[in-house]
Every structure is written in C-alpha cells, then in structure tokens.
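Remember, it's a predicted structure, so these values are computed and weren't measured experimentally. Here is the naming used below: chain letters follow the sequence lines, and residue numbers restart at 1 for every chain.
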Amino acid sequence: MRKKEKKHNFFNDVYEVVRLIPKGRATSYGAIAAYLGTKMSARMVGWAMNAAHSDKTIPAHRVVNRNGLLTGRFHFKTPKTMQQKLEKEGIRVKKDQIVNFKEVFWDPFQSLG
DNA sequence: GGTCTGACCGGCG
DNA sequence: ACGCCGGCCAGAC
C-alpha cells in the first residue's frame with residue numbers, strides 16, 4: 001500500500017474547475033460545489049480558495065458567493081484587489097457586488113457538462 | 001486529540 | 001423581508 005494515497009481530492013477538483021472559468025466571467029462557490037456533487041459543501045470551496053491562495057494560477061477572484069458579492073475580497077492582497085481584477089476583465093462591480101451577475105455567471109454544468 | 005471556525009447555502013419562523 | 005440555525009469538511013490551536 002502506498003503511504004500517501006490521495007482519495008478524491010476535493011480541493012484539487014475545485015482548483016481545476018476554477019481554472020476553467022473564462023475571463024470576464026464569474027461563478028459561485030455553491031455552483032462549483034454542486035458541480036462536484038457536494039453542493040452542501042459550498043463552504044469547503046471557499047476554504048479551498050483560501051488554500052489556493054498560494055497557487056497563483058487559480059483565478060480566485062472569479063469566484064463569488066451566490067449574490068455575486070465579493071465576500072472573499074479581504075483575503076486578497078488588498079480588499080480592492082479582487083474588484084480591480086474583475087473590472088480589468090470587463091466585469092462591472094458596484095459596492096463589492098457584481099453588476100448583472102446573472103449574465104456574468106458561468107455555470108459549470110452548462111459549460112463542462 | 002477534542003473543539004472551534006470558516007471566502008457558503010438553503011430552509012424556517 | 002429579515003434574521004437565525006444546521007450541515008458539510010479541513011485546518012489551526
């Protein structure tokens with residue numbers, strides 16, 4: 001038996017999905033969790049983002065909560081970083097919330113299957 | 001090694 | 001409409 005046999009790496013799955021988010025789009029923690037089959041573990045997605053902080057290839061700024069609110073902005077370098085990155089990609093943000101989130105929303109089910 | 005918390009979400013009063 | 005509560009899993013103390 002191998003010592004470090006990884007099981008379903010939930011975090012890793014989260015990272016891969018997040019990496020697939022197209023530029024100019026955003027999704028929610030719950031959507032990712034639901035796509036991975038554990039919609040009740042939306043919190044873990046957020047926690048995964050925290051762990052993903054060390055991995056710069058993960059566009060964590062494209063992940064917001066179900067309201068399109070930039071709840072995780074305080075975990076970035078500065079509280080404005082998240083918004084600035086989003087605006088740079090063409091996403092309008094008002095009062096820490098994505099404008100037209102419904103349109104900007106990227107559904108993993110729709111895009112990945 | 002038990003306990004608490006967290007970048008969430010849905011349900012209920 | 002608003003506020004509170006439970007559930008999920010992993011990491012910190």
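- Here salt bridge (Lys or Arg N to Asp or Glu O under 4.0 Å) pairs that include residues 66-84 of chain A, with residues two or more places apart or in two chains, are R73(A)-D96(A).
- Both M44(A) and V18(A) sit in one connected hydrophobic cluster of ILVMFWY residues. Membership requires side-chain heavy atoms under 4.5 Å apart, directly or through other members.
- Tracing side-chain contacts under 4.5 Å through hydrophobic residues (I, L, V, M, F, W, Y), one never reaches V99(A) starting from L86(A); they form parts of separate clusters.
- Applying the ring-ring contact (aromatic ring centres under 6.0 Å, His included) test to F101(A) and every residue at least two apart in sequence or in another chain returns F105(A).
- With the 3.5 Å cutoff on both pairing distances, Watson-Crick and G-U pairs in DNA chain B assemble into runs of at least 3 at B:2-6 with C:9-13, B:8-13 with C:2-7.
- The separation of dC2(C) from dA7(B), taken at their C1' atoms, amounts to 23 Å, rounded to a whole angstrom.
- Evaluation of the side chain to side chain donor-acceptor pair (under 3.5 Å) rule for E89(A) yields H61(A), R62(A) as partners, not counting sequence neighbours.
- Atom CZ in F101(A) sits about 13 Å away from atom C1' in dC8(B), given to the nearest Å.
- In plain terms, the two heavy atoms of V63(A) and S28(A) that are nearest each other are CG1-C, 4.2 Å.
- Here the closest non-hydrogen pair linking A60(A) and F76(A) is C-CZ, 3.9 Å.
- Across N65(A) and Y29(A), no two heavy atoms sit closer than the pair N-CE1, 3.4 Å.
- If you take CG of N65(A) and P of dC9(B), they are 5 Å apart, rounded to a whole angstrom.
- Within the 4.5 Å cutoff, the side chain of I32(A) has heavy atoms near those of the L36(A) side chain.
- Within 4.0 Å (heavy atoms only), N50(A) reaches at least one base atom of the nucleic acid.
- Contact record, T27(A) with A31(A): OG1-CB, 3.5 Å, taken as the closest heavy-atom pair.
- When hydrophobic clusters are built by joining Ile, Leu, Val, Met, Phe, Trp and Tyr residues whose side-chain heavy atoms come closer than 4.5 Å, directly or via intermediates, I58(A) is not grouped with M82(A).
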Could you pull out the protein-nucleic contacts involving nucleotides 10-13 of chain B (nitrogen or oxygen on both sides, under 3.5 Å)?
none

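- Within a heavy-atom distance below 4.0 Å of DNA chain B, no residue of residues 103-113 of chain A is found.
- Taking the side chain to side chain donor-acceptor pair (under 3.5 Å) definition, one finds that N12(A) meets it with nothing, sequence neighbours left out.
- Scanning residues 17-45 of chain A for heavy-atom distances under 4.0 Å to DNA chain C yields M40(A), S41(A), R43(A), M44(A).
- Qualifying salt bridge (Lys or Arg N to Asp or Glu O under 4.0 Å) partners for R92(A), counting only residues two or more places apart in sequence or in other chains: none.
- Computed from coordinates, the N67(A) CG to dA7(B) P distance equals 16 Å when rounded to whole Å.
- In this structure, A48(A) reaches neither bases nor backbone, as no heavy-atom distance under 4.0 Å exists between it and the strands shown.
- Contact detail for L69(A) and Q97(A): the closest heavy-atom pair is CD1-CB, 3.7 Å.
- Note: CG (D13(A)) to C1' (dC9(C)) measures 14 Å, nearest angstrom.
- Of all the residues in residues 72-93 of chain A, G72(A), H75(A), F76(A) reach under 4.0 Å from DNA chain B with at least one non-hydrogen atom.
- In terms of the side-chain contact (heavy atoms from CB on, under 4.5 Å) criterion, residue partners of R25(A) (sequence neighbours excluded) are, by chain and number, I21(A), P22(A), W106(A).
- One interatomic measurement links the two molecules: CE of M49(A) to P of dG6(B), which rounds to 18 Å at whole-angstrom precision.
- For T57(A), the side chain to side chain donor-acceptor pair (under 3.5 Å) partners two or more places apart in sequence, or in a different chain, are R19(A), D55(A).
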